[in-house]
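Below is one structure, written out as structure tokens, with a few remarks after it.
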Amino acid sequence: MKKLVVTASFCLLSSTAMAASQISQLNVSGDVAIFTLEAPKTHTVPGCVTAENQNKWAVSLSSLQGQALYSLLVTAVSKDKLVSVLSAQRCESVADVEQVQGLTLSSNKLNTNSASDTWIYKGDKVTKIGKVVTIEGNTFTYVPVDGTLKVHNYTPSIAPSLSSFTFLDAECKGDPYQSNYGYPFLTFIESEGAYFTFADSSIKGNRMADHGHKAVYRLGGEGQCYLEDRYLAYQETRAVKLIKTEHPLCGKTPCWIK
């Protein structure tokens, strides 16, 4: 069995090593990575560890040693490796989480592709992007299959229709417009079967205000198109045209989680 080991010192006999297990959760906050193994700890944890952090481990990302350990953690997640942890027997990076001194990766012959694994795929439902390690609300944190040394986040943005968007035609069938407050817009509109994003507002005609005294219409929730009688096009200085695009990660349609 091939193993890859990174340790913080040669004094291994004074530390506690855990039996190999898969990583069940991996998070990064600031310059600290915190992870949990599927198997609970069996050794006596340091007194600094609180009850809620009993099975958590901390790795500092502010040192070369810590970055090397984090690289191993990412590899373990993406390649379904088993992880053995060598404890430093103290809390350091986080006041109440046990510090990692070293890691050992080993092959997982019994479970190289568990049916319980969650993966993220491109919109084609075939191309695998990465393995999901945590799900918080609507955000999926994943490790790419290409072996990158950091985790990534994917938060799907999907809307059922162009309801509430504004238009310059009385049937709300032309180009949709949306107010731009300086934040990116990338949303999949189900009724249109496509992603939309802001057009280049520096190009004349892409801002609603470029269209002078034209009337503005808004698409209602029931599909009705009504006149927005509070202002004319030139008065709507924030509205920018939306154009169809592709998601840089998922493609033409949203990613699949399965």
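Counting begins at 1 with the first residue of the sequence. All figures in this text were calculated on a predicted structure; none of them were measured in a lab.
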Problem - Any donor-acceptor N or O pair under 3.5 Å, side chains T245, T197 - result: no
Practice task
Please examine the side chains of R218 and Q224, heavy atoms only from C-beta on, and report whether any two atoms are closer than 4.5 Å.
Solution key: no
Handout entry: Donor + acceptor pair across side chains of S163, S161 (<3.5 Å)
Key = no
Problem - Donor on one side chain, acceptor on other, Q65 and S63, under 3.5 Å - result: no
Handout entry: Polar contact flag, side-chain donor to acceptor under 3.5 angstrom, E236-T166
Key = no
Problem - hydrophobic_cluster_shared for L61 and L73, side chain cutoff 4.5 Å - result: yes
Practice task
State, to 0.1 Å, how close I203 and D210 come at their nearest heavy-atom pair, and which atoms those are.
Solution key: O-OD2, 4.2 Å
Exercise for the section: Tell me yes or no: between the side chains of S84 and T104, is some donor less than 3.5 Å from an acceptor? Expected result: no
Problem - Derivation and outcome, side chain to side chain contact (heavy atoms under 4.5 Å, CB included), residues Q54 and V45 - result: CA-CA 7 Å; Q54 183 79 13; V45 300; 3.6 Å; yes
Handout entry: Derivation of the ring pair (Phe, Tyr, Trp, His ring centres under 6.0 Å) call for Y217 and F167
Key = CA-CA 5 Å; Y217 300 85; F167 298 80; 9.2 Å; no
Practice task
Please say whether the positively charged group of K128, taken as NZ for Lys or CZ for Arg, lies over the ring of W256, i.e. under 6.0 angstrom from the six-membered ring centre and within 45 degrees of the axis.
Solution key: no
Problem - Heavy-atom closest pair, residues P160 and E190 - result: CA-OE1, 3.4 Å
Practice task
Decide yes or no on side chain to side chain contact (heavy atoms under 4.5 Å, CB included) for D175 and L242, but give the supporting numbers first.
Solution key: CA-CA 7 Å; D175 294 320; L242 295 176; over 6 Å; no
Handout entry: Transitive ILVMFWY side-chain link L105 to L26, under 4.5 Å
Key = yes
Problem - hydrophobic_cluster_shared for L249 and I158, side chain cutoff 4.5 Å - result: yes
Exercise for the section: Run the numbers on L103 and L86 for side chain to side chain contact (heavy atoms under 4.5 Å, CB included), then give the verdict. Expected result: CA-CA 6 Å; L103 296 173; L86 191 68; over 6 Å; no
Fill in the blank from the handout: Tightest non-hydrogen contact, residues I23 and V77, listed as CD1-CG2, 3.9 Å
Problem - Cation over ring face, K258 and Y121, 6.0 Å, 45° - result: yes
Problem - Y234 vs H213, ring pair (Phe, Tyr, Trp, His ring centres under 6.0 Å): CA-CA, chis, key distance, verdict - result: CA-CA 6 Å; Y234 78 94; H213 288 72; 4.6 Å; yes
Practice task
Classify the side-chain pair N206/D200 by whether it contains a donor and acceptor separated by less than 3.5 Å.
Solution key: no
Handout entry: Single-linkage hydrophobic cluster, 4.5 Å side-chain cutoff, L186 and F188 together
Key = yes
Handout entry: Side chains of T141 and N153, donor plus acceptor under 3.5 Å
Key = yes
Practice task
Take the angle between the ring planes of F185 and F165 and call it parallel below 30°, perpendicular above 60°, tilted in between.
Solution key: perpendicular
Practice task
Decide yes or no on side chain to side chain contact (heavy atoms under 4.5 Å, CB included) for Q99 and S93, but give the supporting numbers first.
Solution key: CA-CA 7 Å; Q99 186 76 12; S93 300; 3.0 Å; yes
Problem - Minimum heavy-atom distance Q22-L82, with the two atoms named - result: CG-CD2, 3.7 Å
Practice task
Specify the closest pair of heavy atoms between N55 and P40, including all atoms of both residues, with the distance to one decimal.
Solution key: OD1-CA, 3.4 Å
Handout entry: Joint cluster assignment, I129 & Y195, ILVMFWY side-chain distance < 4.5 Å
Key = yes
Practice task
Assess whether salt bridge (charged side-chain N to carboxylate O under 4.0 Å, His left out) is satisfied between E98 and K41, documenting all intermediate values.
Solution key: CA-CA 11 Å; E98 189 168 4; K41 297 177 182 178; 2.7 Å; yes
